[in-house]
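Below: one structure, written as structure tokens.
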Amino acid sequence: MADLNRDGIDDGPVVERTTVVNTGGGGGSSGLIAVIVLLAVLAIGYLLYSNGTFGGSKTEIKVPDSINVNVN
């Protein structure tokens, strides 16, 4: 048999045990989805900013010097 503490006395049979831990599975998919959504929002924001939608370029307002009104 087995002398586990080396004192010369048989301590009995050695039993091997295995512990299985269930982690629920699929826990990483929500993090991946969050990263993809974040990248999509950043890409759309960059496209809108570069087109001037968010004021990325200067704003020009043209006002005519005079308005001609004809009344008959």
Heavy-atom distance under 4.5 Å between the side chains of R17 and V15, does that happen here?
yes
Connected to V71, directly or through other members, by ILVMFWY side-chain contacts below 4.5 Å are I67, V69
If you group Ile, Leu, Val, Met, Phe, Trp and Tyr whenever their side-chain heavy atoms sit less than 4.5 Å apart, what else falls in with L42?
L38
Side chain to side chain contact (heavy atoms under 4.5 Å, CB included) between V41 and L39, intermediate numbers included
CA-CA 5 Å; V41 167; L39 290 176; over 6 Å; no
